[in-house]
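Remember, it's 1-based here, ligands and their atoms both numbered in the order they're listed.
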Amino acid sequence: MQTIARDTGRHQLGFQPLEQEHQIDSLAIEGELPRWLSGSLLRTGPSKWDLGAQRLNHWFDGLAMLHRFSIRDGEVSYGNRFLRGKAFRAAEQTGRLGFQEFASDPCRSLFRRLATLFVTPEITDNGAVNITRLGEQYMAMTESPMPVVFDPQTLQTLNVQAPRPGTLPTAHPHRDPASGALIGYTTKLGARSKYQLFTQAPGRPARILASIGVGEPAYMHSFALTERHAVLVAGPLVVKPIELALRRGGLIESFHWKADRATQIYVLDRHTGERVANLDTDALFCFHHVNAFERDGEIVMDLIGYDDPGVIDRFYWDAIDAESRKGAPPTVRRYRLPLDGRRDVAVEQLSDHAIEMPRINYARCNGSAYRYAYGIGDGPSNGWDSVPIVKLDVDGGGADVWAQDGAYPGEPIFVAAPESPREDSGALLSIVLDAERCSSYLLVLDAETMQERARAHVPHHIPFGVHGEFYDDPPEVEQQ
Ligand code: CO
């Protein structure tokens with residue numbers, strides 16, 4: 001979009017667009033892939049910000065591109081494609097946004113802005129945030145009721161509807177490993193706004209489990225799930241729904257930070273939807289929960305917390321260009337939530353490492369006691385000098401780090417080794433920007449030792465992505 005000035009950081013290449021689509025059968029590999037590692041890493045993220053007649057304001061808002069690394073028999077193939085949903089098509093046809101994005105405004109009429117609150121077709125489907133699977137459907141999501149279903153092998157966008165309830169459903173649903181059902185929350189905006197907990201089984205419409213009325217809903221991005229409970233953490237970044245309708249700007253620009261208000265914590269029975277506890281704690285901004293579990297009559301809930309939502313402002317283009325470090329850094333925090341009627345919420349910081357994009361051994365540990373979290377160092381907090389991959393021992397607070405000069409990794413995704421004896425027996429997969437070579441590679445670390453096993457080079461750079469998922473079996477082409 002813009003040329004990189006000589007004096008800006010080398011990481012800036014990660015914010016440059018990628019518009020060309022590639023299919024590469026075999027990438028050059030250094031090192032040796034674990035023999036057991038077989039499957040596909042699917043990732044999404046923003047990839048294009050200059051639409052022709054409009055330049056988007058914020059990194060999050062770029063048109064979504066999917067990336068696939070498939071590992072089979074010691075070889076790695078790669079493909080990338082734009083997600084061609086209605087948001088992409090509108091931008092392609094007009095050179096402008098067709099829908100309101102997180103921090104960019106399509107300059108719609110008042111009528112269309114009002115309709116956003118009530119009419120799903122008026123809400124974006126630019127799935128640049130996360131990927132999930134419901135039955136045999138692979139979906140790219142943003143905080144929208146319309147995830148976009150795609151073919152996991154060709155990355156082609158499929159014309160299949162899989163609607164989710166409300167106005168702002170989370171792009172981080174949990175997945176029940178036994179049933180394959182998703183469980184998530186949504187915020188329904190309107191004259192009577194509510195948070196709703198819902199579940200969605202393959203091939204079935206979503207079912208609402210609980211509704212909580214709220215006057216000024218909070219911006220939430222993810223939530224915690226234990227064996228028995230779902231926990232919503234609603235910090236004081238809140239919106240008056242009518243303002244969202246009347247005001248121009250991106251979605252988040254109608255939300256206001258009320259630092260003197262408490263963060264509301266709702267503990268719900270994840271099966272019946274019954275409200276188990278209403279708790280509160282100090283003002284907190286959070287994108288990502290790490291994990292939560294129950295112990296001794298309380299819920300232990302770990303998340304990446306900020307003292308203010310300044311992190312959002314760091315990713316406007318002018319702040320990216322200026323390499324802004326404004327806003328509170330992230331900290332890994334443990335909250336202890338009593339379930340016996342007491343109201344005192346205890347909080348402690350688990351580590352000195354400022355990490356984001358946390359992942360765990362999800363299949364084994366989500367909702368139960370665990371020891372290891374993996375994440376990347378927060379770029380702005382580190383002055384973008386380097387971005388490490390961090391393995392955190394949440395019990396002892398110790399950490400192991402992988403870092404290399406000029407290497408800017410994305411979210412590290414844990415893949416368990418078969419019949420693994422230990423929680424950390426497996427691999428960590430991360431797409432790394434190599435600033436020296438001006439290209440990216442798939443990095444494979446041994447999660448137990450944090451030593452590098454292999455890297456598979458892509459000939460071009462891959463813009464910094466958001467989230468993704470690894471699927472064990474190389475996905476088959478879906479029949480339509
Ligand atoms: Co996220």
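- Residues D424 and K391 are paired through a salt bridge, judged by an N-O separation under 4.0 Å between the basic side chain and the carboxylate.
- Using a 4.0 Å cut-off between charged side-chain N and carboxylate O, E423 and R364 make no salt bridge.
- Counted by atom type alone, H289 and H174 present zero donor-acceptor pairs between their side chains at under 3.5 Å.
- For E469 and R133, the salt-bridge test fails: no basic side-chain N is under 4.0 Å from an acidic carboxylate O.
- Only protein N, O or S atoms were scored, and 4 of them lie under 2.8 Å from the Co ion (ligand 1).
- At a cut-off of 3.5 Å, with distance as the only test, a side-chain donor of T124 or E101 sits close to an acceptor on the other residue.
- Between F82 and F88, the ring-plane angle classifies as tilted under the 30° and 60° cut-offs.
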